[in-house]
Amino acid sequence: MQKFVIQGGRRLEGEVLVQGAKNSALPILAASLLCDGESVLDNCPRLSDVYAACRILSGLGCRCTLRGHTVQVQAQGMHSSVIPMQLMREMRSSIIFLGAVLGRMGRCELGFPGGCELGPRPIDLHLQALQRMGVRILEDNGVLQCSTPAGLHGAHIHLQFPSVGATENILLAAVLAKGETIVTNAAREPEIIDLASYLRGCGARITGDGSSTLCIQGVKQLTGCTYRIMPDRIAAATWMAAAAVTGGEIALQQVNPADLVSMTDVFEQMRCRICPFREGLYFHSAKCPKAIRSIRTMPYPGFPTDAQAIVMAVLCKAKGTSLMEETIFENRFRHVDALVKMGADIQVAGRAAVIKGVRSMHGAAVQATDLRGGAAMIVAGLGAAGETTVEQIAHIDRGYDSPETVLRGLGAEIRRI
Ligand code: UD1
């Protein structure tokens, strides 16, 4: 079992190249199986979730090779439509393969994703939408048998909630379906735009991505293409938080500042200074970050649920009292106990957390509870006095490409043991 050992209190300084986005790489890898030609995906982060997606592609009969940060996928030899239960469990977001496999094979068998560390993971919106497109679904002992007796066809779909996963699944099923699909109240996340841009590069006809109405005209065939995965917004926010807790000053390279506004706005409210430049931004932390009266997680363009724990780690040492409200997932405060163990003053009541800033935090032995909760513990450890050890870091490796290398490059003292 690996762990991170952090000696806190070092001021972070320097430049960081932000990794490619996990939440974009995974749906694009799923999309690559829809293509007859080869796809070459650059800027793909090296993460355990990406490896799991490659194993799913290989299991379906695609040829998938990862060299450096480039993945090549050749889906011509795809012969299977079954995603084994074990691979479904390895990657929480493997449900995004459903729309793609249906689009390519007209059927799909996969394990029901069940719950995860953030609470229950319903997929009712995904399944209802696919049923409207002609998919017949049978559930038997935790296995979903999906077929398309009369083929996949376009449909008008209104999502009751702008679910990122459901929007991706509809998009993936619709690009090769017969006719037009219109999705209203679609998710507007930049990662949806990235998926649509890749698919357009392969010949798909999609408009409206980035707005809440998506239109997809089905085409007969998709070629592959060469595509560069967008920068990871949450990794960028994590490095900003790490600079903020250590009184640091960093330059983030390869980010799109416009995608980060809901998070940079929060850091500015804490009195950090941010100057965007082309494909990057400078971040100067505040001398003493100020508390934020209230932050509520919301679908894009609101403040992302994925940044909640990370920003909370900064607010622990901010001057004053902050309120954090989690509206997306019901079980996303599991990192709080670890932060409290490190000296934070946080009270949780249902979906709200009240964070009273303390003057200093101290190192402790903690365990990552989930991906972003684990990242929050690293951030807190960097700003705490003394030694912090973070165990269960497999959670963190799902989403961060060698975080210890990035942080050491900025002057942090962190080792993987
Ligand atoms: C969510 C986040 C995404 C984040 C990802 C990983 C939102 C809107 N989505 O995406 O930004 O990167 O987690 O942490 O912030 N739901 C249903 N039925 C469904 C699907 C979802 O009720 O069929 C509910 C969930 O219970 C939850 C919310 O919708 O309350 C989450 O939405 P969704 O966007 O689907 O989740 P992810 O795609 O995992």
Side-chain angles (χ1 to χ4, degrees), residues 20-28 30 45 47 49 53 88 91-99 112-132 135 137 139 144 157-173 183 185-195 210 212 214 229-238 259-260 262-263 295-311 324-335 350-351 368-376 395-396 398-400:
K22 167 178 95 75
N23 291 340
S24 184
L26 300 177
I28 290 178
L47 309 171
D49 266 11
M88 281 297 291
M91 189 176 80
R92 193 163 52 78
S93 45
S94 46
I95 188 70
I96 40 165
F97 276 86
L98 175 58
F112 207 81
C116 77
E117 58 272 20
L118 308 181
R121 300 289 286 195
I123 52 165
D124 53 315
L125 298 174
H126 304 232
L127 300 184
Q128 279 163 19
L130 293 170
Q131 277 167 332
R132 291 185 72 111
V135 180
I137 301 166
E139 195 202 329
L144 289 173
I157 296 163
H158 178 77
L159 287 174
Q160 288 301 333
F161 177 84
S163 155
V164 175
T167 303
E168 288 165 348
N169 253 331
I170 298 167
L171 196 50
L172 292 167
V183 192
N185 201 25
R188 297 159 61 190
E189 268 70 1
E191 292 76 15
I192 302 278
I193 302 181
D194 213 34
L195 172 62
S212 38
L214 260 177
I229 308 279
M230 68 175 277
D232 195 305
R233 297 184 289 136
I234 307 302
T238 308
D259 292 342
L260 303 176
S262 64
M263 295 177 281
I295 308 178
R296 172 183 281 187
T297 62
M298 296 286 276
Y300 190 85
F303 182 82
T305 176
D306 283 347
Q308 178 256 107
I310 294 153
V311 166
M324 183 72 90
E325 205 185 327
E326 172 58 58
T327 75
I328 307 291
F329 291 110
E330 39 185 272
N331 196 11
R332 214 169 190 183
F333 283 139
R334 291 177 61 211
H335 48 279
R351 291 194 174 205
T369 44
D370 59 270
L371 164 56
R372 306 302 171 185
H395 289 295
I396 299 170
R398 281 188 37 231
Y400 293 89

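Numbering of ligands and ligand atoms starts at 1, following listing order. These numbers were taken from a predicted model, which means no experiment stands behind them.
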Practice item. For ligand 1, note which part of E330 has a heavy atom under 4.0 Å away: side chain, backbone, both or neither. Key: neither
Review point. Which bit of Q308 is near ligand 1, meaning a heavy atom under 4.0 Å away: side chain, backbone, both or neither?
Key: neither
Taking distance alone, with N or O pairs closer than 3.5 Å, would you say [X] contacts ligand 1?
| X | value |
| --- | --- |
| G165 | yes |
| V164 | yes |
| I328 | yes |
| M298 | no |
| T305 | no |

Please give me the minimum heavy-atom distance between [X] and [Y], naming the atom from each residue.
| X | Y | value |
| --- | --- | --- |
| A237 | I310 | O-CG2, 4.1 Å |
| N169 | G99 | OD1-N, 2.7 Å |
| R296 | F303 | O-CB, 3.7 Å |

Check your understanding: Taking only heavy atoms of F161, which atoms of ligand 1 are found under 4.0 Å from at least one of them?
Key -> 8 (C), 28 (C), 29 (O), 32 (O)
Exercise for review: Any atoms of ligand 1 less than 4.0 Å from a non-hydrogen atom of F329? List them with their elements.
Suggested key: 1 (C), 13 (O)
Review point. Does the pair M324 and R332 meet the rule for a side chain to side chain contact (heavy atoms under 4.5 Å, CB included), with working shown?
Key: CA-CA 11 Å; M324 183 72 90; R332 214 169 190 183; over 6 Å; no
Check your understanding: What do the steps show when you test T305 against E326 for side chain to side chain contact (heavy atoms under 4.5 Å, CB included), and what is the final call?
Key -> CA-CA 7 Å; T305 176; E326 172 58 58; 3.0 Å; yes
Point to revise | Side chain D194, main chain M230, donor-acceptor under 3.5 Å | key: yes
Exercise for review: Would you please test R351 and F329 for side chain to side chain contact (heavy atoms under 4.5 Å, CB included) and show each step?
Suggested key: CA-CA 9 Å; R351 291 194 174 205; F329 291 110; over 6 Å; no
Check your understanding: Among N23, L125, T167, whose heavy atom sits nearest atom 23 (O) of ligand 1?
Key -> L125
Review point. For atom 18 (N) of ligand 1, which candidate among N169, D124, I234 provides the closest heavy atom?
Key: D124
Point to revise | Sole candidate of V164, D232, I192, D306 that passes side-chain contact (heavy atoms from CB on, under 4.5 Å) when paired with N23 | key: D306
Check your understanding: Is there a heavy atom of R332 sitting under 4.0 angstrom from any atom of ligand 1?
Key -> yes
